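Input: a single structure, listed below in structure tokens.
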2 protein chains.
Amino acid sequence: MSSNAALAETAALIGDPARAAMLAALMDGRALTAGELASAAGITPQTASGHLGRLTEAGLLAMERQGRHRYHRLASPAVARLIEGLLELAAARPRRAVATGPRDAALRQARTCYDHLAGRLAVAIADAMTARGQIELTADGGAVTPAGEAFLVGLGVAAAPTRRGRLFCRPCLDWSERRPHVAGVLGAALCTRCFALGWVRRRAGGRALEITPAGWAGFRDAFGIAPEDLRGPA
Amino acid sequence: MSSNAALAETAALIGDPARAAMLAALMDGRALTAGELASAAGITPQTASGHLGRLTEAGLLAMERQGRHRYHRLASPAVARLIEGLLELAAARPRRAVATGPRDAALRQARTCYDHLAGRLAVAIADAMTARGQIELTADGGAVTPAGEAFLVGLGVAAAPTRRGRLFCRPCLDWSERRPHVAGVLGAALCTRCFALGWVRRRAGGRALEITPAGWAGFRDAFGIAPEDLRGPA
DNA sequence: CCGGGGCTTCGGCGGCCGCCGAAGCATCCC
DNA sequence: GGGATGCTTCGGCGGCCGCCGAAGCCCCGG
């Protein structure tokens, strides 16, 4: 069975510290240049170039040229899901007293995860919507209830209307909170809407998000989320 | 961010050919001894021992002693999902004219994927249930319809009754067929039932399944699946 | 047209790690 | 108890691969 070899090859590709750092840097869904990725991984551009070439050839990354820059991004949501899963398992086990700095704290409060929101904010949103009967989430999947659809329409979320049947959403286990939040099409639409409403914006240099004053008001009114709900536990 | 290091470490663990082969061998959900895994990976027992120790310490495998044997299995469904995703991505890209032997052909027709059915059989089941309005499957998730619940009860499938709301099921992209089939709790329950009914049984030495005469009849009566439906394309 | 910056290719060095032989433990069977 | 079997630990060898310096290519701006 040579599919084993392909399995090992793909995993090994992710398994290098420099490449892993670059992939993680791309987990916010944006496209970055080779130079930015090199500095994110702490290596020289020429080394990064080699890595990026291999990742692209393997179908993990996609690249598009724009002038003299070359922008690299994750090739597909499947890649993002894969890294999510890896992070989940990686976070689960060893936990050897990682010193969590302030940057990390910002990340834990709110961030993007490829195309949807993650962190305590996302978990709080999922909790609120579940408590209100707007969505149902289990380990296997999730769906929006009729009440939820009405709520989302009111919020201006442009989730694809249910063709026939229910609008499903994918649960995504938060690596920092170890609780599920909303991913999939619905998660992406929610995230887009929050940006459009100016409720969140990217913090300088990183995946972390800043919740704007309008955002605090919006999340309170729409989901009943208070600032205390997003403070770290302990 | 030291979670990057953990990410790379976990991926690198899977990224070794010998370890990948052992993990793949465990993807049928059974527990194997170190010796069996060593031969599956084509290495000596002492080398396998080292690998198994590392995989277990990282939380990818679980081990239980039974007499002088030590049985190793995947530590959790999360690990199985991860490898699934890796196989999906690995199968997607390179495709360098892999000679598919007869063993591979058996694998493509029917096999187990950790705790549920996979291969053409599983895809045909998912297709039939979808066509009959018994389940709905999208990329984001899936659910059983009321009609589907009734059907499953009639079949004797012991899927946990819906607590409140719908019984979700997880879609799983088949690495050989590139089409989704049913995973999650429902997939596991269906698989268990098929074994209990004697419709399928394990082929000697491998993940491949053999469909019994009773199975052919059962799959025809229950799902309308004909032998032609499971023949390879081309 | 020419200078400069971003990116790539090439070559060689260095370290990590997977591999096996040999030896040591544990468990079961007779 | 003796011997066989299954598994582990130890030590040393060998190869793969990630790293950077230097040089070349491409695209932009002036």
Side-chain angles (χ1 to χ4, degrees), chain A residues 2 4-26 30-58 60-73 90 94 205, chain B residues 2 4-26 30-58 60-73 90 94 205:
Chain A
S2 91
N4 279 358
L7 165 64
E9 225 167 296
T10 307
L13 225 41
I14 309 177
D16 173 79
R19 287 192 292 259
M22 294 194 273
L23 288 168
L26 292 169
R30 286 181 302 175
L32 302 179
T33 68
E36 293 171 312
L37 288 169
S39 96
I43 54 179
T44 60
Q46 65 267 32
T47 303
S49 176
H51 287 315
L52 291 169
R54 296 178 59 180
L55 288 170
T56 302
E57 192 187 7
L60 295 182
L61 294 186
M63 186 259 286
E64 52 190 298
R65 331 173 56 123
Q66 204 167 105
R68 68 179 152 191
H69 293 282
R70 288 165 195 215
Y71 283 94
H72 300 263
R73 58 175 175 77
Chain B
S2 92
N4 278 0
L7 165 63
E9 225 166 298
T10 307
L13 224 42
I14 307 177
D16 174 78
R19 287 192 292 261
M22 293 194 275
L23 288 167
L26 292 170
R30 286 182 302 177
L32 301 178
T33 67
E36 292 171 311
L37 288 169
S39 96
I43 53 179
T44 60
Q46 65 266 31
T47 303
S49 176
H51 287 316
L52 290 170
R54 295 177 60 181
L55 288 169
T56 301
E57 192 187 7
L60 295 182
L61 295 186
M63 188 260 286
E64 52 189 296
R65 331 173 52 123
Q66 205 170 103
R68 69 179 151 188
H69 294 282
R70 291 168 192 210
Y71 284 93
H72 300 264
R73 58 175 175 78

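Keep in mind that this is a model prediction, so the values were computed, not measured. By convention in this document, chain letters (A, B, ...) are assigned in the order of the sequence lines, proteins followed by strands, and residues within each chain are numbered from 1.
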Reckon A/A48 touches a base, only the sugar-phosphate, or nothing at all at heavy-atom distances under 4.0 Å?
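It contacts nothing in the nucleic acid.
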Could you state the [atom1]-[atom2] distance from [X] to [N], rounded to the nearest angstrom?
X	N	atom1	atom2	answer
A/M63	D/dC26	CE	P	14 Å
B/L13	C/dG18	CG	C1'	13 Å
B/D16	C/dC16	CG	P	17 Å
B/E64	D/dC7	CD	C1'	16 Å
B/R54	C/dC16	CZ	C1'	11 Å
A/L52	C/dG6	CG	C1'	13 Å

Check [X] against [Y] and note the closest heavy-atom contact, atom names and distance.
X	Y	value
B/A40	B/A25	CB-CB, 4.2 Å
B/L26	B/H72	CD2-O, 3.3 Å
B/A6	A/A90	O-CB, 3.6 Å
A/A20	B/A8	CB-CB, 3.6 Å
A/A58	A/L13	CB-CD2, 3.2 Å
B/A12	B/R19	O-NH2, 3.3 Å

Kindly compute the distance separating OG (B/S49) from CZ (B/R70), expressed to the nearest 0.5 Å.
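Interatomic distance, B/S49 OG to B/R70 CZ, rounded to 0.5 Å: 8.0 Å.
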Reported CE-to-CG distance for the pair B/M22 and B/L32, which is rounded to 0.5 angstrom:
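Rounded to the nearest 0.5 Å, the CE-CG separation comes out at 11.0 Å.
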[N], OP1 or OP2 - any side-chain N/O from [X] closer than 4.0 Å?
X	N	result
A/S49	C/dC7	no
B/T47	C/dC20	yes
B/R19	C/dG18	yes
A/H69	D/dC28	no

Once each nucleotide of nucleotides 24-30 of chain C is scored for protein heavy atoms under 4.0 Å, what B/S/- sequence comes out, 5' to 3'?
---BS--
Could you go through A/Y71 and A/T33, starting from their C-alpha distance and side-chain angles, then the distance that decides it, and tell me whether this counts as side-chain contact (heavy atoms from CB on, under 4.5 Å)?
CA-CA 5 Å; A/Y71 283 94; A/T33 68; 3.6 Å; yes
So if I take residues 31-46 of chain A and measure heavy-atom distances to DNA chain D, which residues fall below 4.0 Å?
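Heavy-atom contacts with DNA chain D come from A/I43, A/T44, A/Q46.
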Between A/L37 and A/H51, does a side-chain contact (heavy atoms from CB on, under 4.5 Å) hold up when you go through it step by step?
CA-CA 10 Å; A/L37 288 169; A/H51 287 315; over 6 Å; no
Can you find a heavy atom in the side chain of B/L61 that is under 4.5 Å from one in the side chain of B/L23?
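The answer is yes, as the side chains (C-beta and beyond) meet within the 4.5 Å cut-off.
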Where do N or O atoms of nucleotides 13-15 of chain C meet protein N or O atoms at under 3.5 Å, pair by pair?
none

